A.B. asks: 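A single structure is presented below for examination.
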Amino acid sequence: MTERAASLRPAHGDDVPRFRYDAALANDIEARWQDRWEAEGTYHAPNPSGELSGGFERVAGRPKLYVLDMFPYPSGVGLHVGHPLGYIGTDVYARYKRMTGHNVLHAMGYDAFGLPAEQYAVQTGQHPRVTTEANIATMRRQFRSLGLGHDDRRSVATTDVDYYRWTQWIFLQIYHSWFDHDAQRARPVAELEAELEAGTRLAVDDEHPEGRPWPALSAAERRRFIDDQRLVYLAEAPVNWCPALGTVLANEEVTAEGRSERGNFPVYKRPLRQWQMRITAYAERLADDLDLIDWPERIRTMQRNWIGRSVGATVRFPLADDPSNTVEVFTTRPDTLFGATFMVLAPEHPLVPQLVARAWDPSAPPSWRGAGLNGIIDGVPATGWASPTDAVAGYRRYASTRSDLERQVEGKAKTGVWTGAYAVNPTNGQHIPVFIADYVLMGYGTGAIMGVPAHDQRDFEFARDFDLSVVGVVRPPDTWYEDRGLAPGSPASAWPEAFTGAGEAMASANQGVSLDGLATADAIATVNAWLAAAGAGEATVTYRLRDWLFSRQRYWGEPFPIVYDDEGLPVALPESMLPVALPEVDDYRPTVVGDDDSLPEPPLARARDWAQVTLDLGDGPRTYRRELNTMPQWAGSCWYYLRYLDPHNDAALVDAAVERYWMQGSTSEGAPASGGVDLYVGGVEHAVLHLLYARFWHKVLFDLGHVSTPEPFQRLFNQGYILADAFVDERGVYVDASQVVGDVESGFSFEGRPVQRQVGKMGKSLRNAVSPDTIRAAYGTDTLRLYEMAMGPLDADRPWNARDIIGVHRFLQKLWRNLVDETTGESRVVTTAPDDELRPALHRTIAGVRADMDALRFNTAVAKLTELNNRLTRTQSGAGGGGGTAAEVADALVAMLAPLAPHVAEELWARLGHDTSVVWAPFPVADPALLVDDEVELPVQVAGKVRARVRVAADAGDAAVEAAVLADPRVQAALAGRPVRRAVVVPGRLVNLVV
RNA sequence: GCCGGCGUGGUGGAACGGUAGACACGGUCCCCUUAAAAGGGACUGCCCUCGGGCGUGCGGGUUCGACUCCCGCCGCCGGCACCA
């Protein structure tokens, strides 16, 4: 201990005590302990078996705990103080849990594929791997200097060939699977083929809903059928093409405004042949299983919104001219079927060409021919189009040129045109016109709707513009009429808007069924039963979720383990040919061919020797073309939490026993509801991207038996963002916030020019980032950690306030001073027992800090430690002070500080005479006997206001307390002679006298 | 429009239905010092006639008692949205 004390390098000025806890001393302590932790492998968490199992016997009796941070992208500019908030939070929790007897796994890796490194490569010609690896090294250094206790043997990067080999392997697992809707799970394609061959299953697809026997299919048909069943498949579909990013994007990567999530660039719909992952097959489980996991309500709601489950019915409407042909619609209100007075199909609906009539029905209103669209759509004559064929062609052309963005901007004005055809309302036999209109989307439901203008506002507006009748079949409440100035019971033709609420069904009866008088929920059930019996439809659930577009036209991503044969059909490579390593190219830019909005050829096309390959896939050497797209960045982050468990395994992505131990093993709280990572901390921005994709992959792996839990992340916690003042100049450009001077009263200025203050998320784009290095240099890492934890609850956004940091620094300084003499470096700890006030205070602190740590309330834990330390300070500086700090209190205080400020805690722990690391020390346990006082001070309320405080014995009975209270002169004064009607005694809390 | 979350001192924030404002910043005063810094101590929600009055976005309700629970508003943040 003296040796360590002597090794301190006092870098202070003459007048600063030599052993004061300041930045220089803190930095010295921190550097030494970081070296020692690394040398001793202090944070290594042993696996139960296999390569990393050394030392497991030491923790074998402990419950496991898996604490995880969201995978960071290794950015070139390094961390700012906003980044580590969540990382420090998990570190504190992991350290606390280790001290309370858990085997804690906490590791860190790098989501290192992605655009910035590639864009930098395009600019500089530097290989993305070079920048990526340099950035990872920088980030690793920064994490180390924050004192984060990661098991560094488990670190992975998605860009490591050994890692993405397994990403490709998972892709193959998904490729070789199909979704068995009866079993509601993924199964190997091989099982599907076996059942088809055995004749126990027919080949059912959209064109053959009745199913075909397997022998009836040609070899090519069989292959196409199987490929169409796979969980990952090639399909021609309208996709989101973002020219500015040079790639297509998944729906989840496009904002509601039709721009890219990353960079906010415009996105265009373009039909392209791309890889898609069949996440829609899992829509129901992804929605239902949200109930199994302990996630913030906000995130679960976002996922539910995104999945967009909608309960209703599909109904088939026969065409009037050709009853064998039907148009299927989806509706959430089948109870309004009797009020359907028209139908609308999406313009791209495949049935449109078949149902277009030859000529207009002369009795139909001119508006149906598009007469009202003159001026809205180019080329429409004032009288409307001459024939249905012209109208449909004209309208389809118009609709196809409109981007999602335009449709947003142009608002809700309804356009559309009649196809000339009629369909038959199956409930009442009425012939109703069939329109096409772009307010009906091909991508949702069946791409066709029934128009019930009385009970759907969009249909109502369409009916108004196209002179369609409005028939009410649900009676609104009288107040609804009155609010609109109508007499109750007025016909729907007089309504100013649709009535979309629930009500009593009316005018809804035929020979087979009557809904009249039924409440909406009953009417839906009744009509659904009738539809099924009549063969006209059935209850159905649809989802808004679309399949996941999985191809990217980038270089810096995982290559697909896919080649194309000479028929142009995809062939999966065998596992033995993994990894498919990224080839070298001379330029990382996509090759632009033709006009600038055409899809460029991916950069991998430049690797010509790689793109063409001769392989023996079982039928002799043949030439194949490789897939040139790469996987999206989300691929690698879908499963990294599994690789941390067994990072070097080259026989499996994770060993089964190791996976079971960490993912579903016993926890201190008993059996988990769904298993998985015990605590996952990250930002809210991944609510429907990473978190949805990862759940999807995990469920596929679960179905195939590669993991043992249905969900990957049992508990999710969203850390808040650090906000900071940002400043804009007169042009609205952000200026470097650190160079701004002034204050609220006198105004702010930058280089002499006035600037406006804003508050925003700390970051590069607002030029308001604060580097951890700055804070470390001024106060030390422990102060930074403590400040980030103390400034507020972990899940709240909070403004960075440099002025407040001194507060927690003073706390550490005072704590140090209570244990160490600042001038001599001698211990101020004494073996004397704490007195009768201090010891209970200590135990109350222990109990409180434990509860706070368990609940991730680190801010209040810090407050409680501060309070206890202030009490020590008062004792030492007060009358008769200088007696030193009782070792019993010092030990406990330092141990409780260890998760939050591990370096100074280690230093003090060693100075207290311990020769093993505080990281593995037991967390103090409160003695319950010391948590109850002999005597308590009760506030006394008279008529709800606190008027006095009375000391009574803690175990006094209600009557005794009441008597003591009534005897108090201040109580008597407050009562002023009024009789006490009732005395409420809350033992140990307060007394309320009701007058 | 639908859904979710949040509104507490000058500031960040505390409060199992039980003393509103813990802890910290800032501020005022005092001690130490030749002085300053650092350090230590006291006070610090608002109003006030110094007895008290008022206070957790607003208005109701439940309760002996409400920041907390319920109902109705307002404001801010976020998600979804021509989704049938």
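Being a predicted model, the structure only gives us computed values, none of them experimental. Computed over heavy atoms, backbone and side chain alike; hydrogens, waters and symmetry mates excluded.
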A.B. asks: A:R20 has a side chain; which of B:rG39, B:rA24, B:rG4 sits nearest to it?
C.D. replies: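 Within the option list, the nearest is B:rG39.
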A.B. asks: Answer yes or no: side-chain N or O of A:K414 and base N or O of B:rC82 forming a donor-acceptor pair under 3.5 Å.
C.D. replies: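 Answer is yes: a donor-acceptor pair is held.
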A.B. asks: Report the distance from atom CG of A:L868 to atom C1' of B:rC23, rounded to the nearest whole Å.
C.D. replies: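 Interatomic distance, CG of A:L868 to C1' of B:rC23: 13 Å.
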A.B. asks: Can a side-chain donor-acceptor contact be found between A:D782 and A:Y787 if the only test is distance below 3.5 angstrom?
C.D. replies: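 Result is no, nothing qualifies.
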A.B. asks: Return no unless some side-chain N or O of A:R458 is found under 4.0 Å from OP1 or OP2 of B:rC83.
C.D. replies: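 Yes, because at least one side-chain N or O of A:R458 sits under 4.0 Å from OP1 or OP2 of B:rC83.
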A.B. asks: If you look at every strand shown and take non-hydrogen atoms under 4.0 Å, does A:P793 touch a base, only sugar-phosphate, or nothing?
C.D. replies: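 Sugar-phosphate, backbone atoms only, no base.
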A.B. asks: Should the pair A:D804-A:R798 be classified as a salt bridge under the 4.0 Å nitrogen-to-oxygen rule?
C.D. replies: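 Judged by the 4.0 Å cut-off on N to carboxylate O distance, A:D804 and A:R798 do not form a salt bridge.
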A.B. asks: One thing to verify: whether A:E284 and A:R309 come together as a salt bridge, which I'm taking to mean a side-chain N less than 4.0 angstrom from a carboxylate O.
C.D. replies: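 Salt bridge flag = no for A:E284 with A:R309.
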A.B. asks: Without decimals, in angstroms, what is the distance between A:I299 CD1 and B:rG4 C1'?
C.D. replies: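 The distance from CD1 of A:I299 to C1' of B:rG4 comes to 10 Å, rounded to the nearest Å.
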A.B. asks: Under 4.0 Å: is that the gap between some side-chain N or O of A:T542 and OP1 or OP2 of B:rC83?
C.D. replies: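 Indeed not, no polar side-chain atom of A:T542 lies that close.
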A.B. asks: In terms of side-chain heavy atoms of A:V440, which of B:rA15, B:rA84, B:rG10 is nearest?
C.D. replies: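 In terms of side-chain proximity for A:V440, the closest of B:rA15, B:rA84, B:rG10 is B:rA84.
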A.B. asks: Remember a base hit wins even if backbone is also touched, and classify A:R304 as base, sugar-phosphate or nothing at under 4.0 Å, heavy atoms.
C.D. replies: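 A:R304: no heavy atom of the nucleic acid under 4.0 Å.
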A.B. asks: Measure the distance from CD1 on A:I805 to P on B:rC25 and round it to the nearest whole Å.
C.D. replies: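 Checked: the CD1 to P distance equals 12 Å.
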A.B. asks: Can a side chain N or O of A:R544 be found less than 4.0 Å away from OP1 or OP2 on B:rA81?
C.D. replies: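 Answer yes for this pair, as a side-chain N or O of A:R544 is under 4.0 Å from OP1 or OP2.
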A.B. asks: Compare the minimum distances between each of B:rC25, B:rG78, B:rG4 and the side chain of A:M302, then state the nucleotide with the smallest one.
C.D. replies: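 Minimum distance to the A:M302 side chain belongs to B:rG78.
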A.B. asks: Side chains of A:N869 and A:N818 only: does a donor on one sit below 3.5 Å from an acceptor on the other?
C.D. replies: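 There is such a pair (donor and acceptor under 3.5 Å, judged by atom type) between the side chains of A:N869 and A:N818.
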A.B. asks: Does A:R817 put a side-chain nitrogen or oxygen below 4.0 Å from OP1 or OP2 of B:rG40?
C.D. replies: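 Yes, A:R817 has a side-chain N/O under 4.0 Å of OP1/OP2 on B:rG40.
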A.B. asks: Looking at B:rA24, I'd like to know if its phosphate oxygens (OP1 or OP2) sit under 4.0 Å from a side-chain N or O belonging to A:N870.
C.D. replies: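 Yes.
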A.B. asks: Salt bridge check, A:R20 against A:D22: does any charged N sit closer than 4.0 Å to a carboxylate O?
C.D. replies: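 Answer for the salt bridge query: no.
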A.B. asks: Which whole-number value in Å describes the distance from A:D465 CG to B:rC82 C1'?
C.D. replies: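 After rounding, the gap between these two atoms is 13 Å.
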A.B. asks: Does OP1 or OP2 of B:rA14 have a side-chain N or O of A:N859 closer than 4.0 Å?
C.D. replies: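 Yes, such a contact exists.
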A.B. asks: Specify the separation, in whole Å, of atom NE2 of A:H809 and atom P of B:rA38.
C.D. replies: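 Nearest whole value for this atom pair: 12 Å.
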A.B. asks: Below the 4.0 Å mark, does B:rC83 have OP1 or OP2 next to a side-chain nitrogen or oxygen of A:R309?
C.D. replies: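 No, outside the criterion.
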A.B. asks: Return the value, rounded to whole Å, for the distance between atom CZ of A:R810 and atom P of B:rC23.
C.D. replies: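 In whole Å, B:rC23 P and A:R810 CZ are 15 Å from each other.
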A.B. asks: At less than 3.5 Å, do the side-chain atoms of A:N305 and the base atoms of B:rC80 form a donor-acceptor pair?
C.D. replies: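 Flag unset: no donor-acceptor pair detected.
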A.B. asks: Counting any heavy atom closer than 4.0 Å, what does A:Q813 reach on the DNA or RNA strands: base, sugar-phosphate only, or nothing?
C.D. replies: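 Sugar-phosphate contact only.
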A.B. asks: Closest approach to the side chain of A:R798, judged atom by atom: which nucleotide of B:rA84, B:rC3, B:rG12 is it?
C.D. replies: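 Selected nucleotide: B:rG12.
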A.B. asks: Say whether A:T314 and A:E538, considering side chains only, have a donor N or O and an acceptor N or O under 3.5 Å apart.
C.D. replies: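 Yes.
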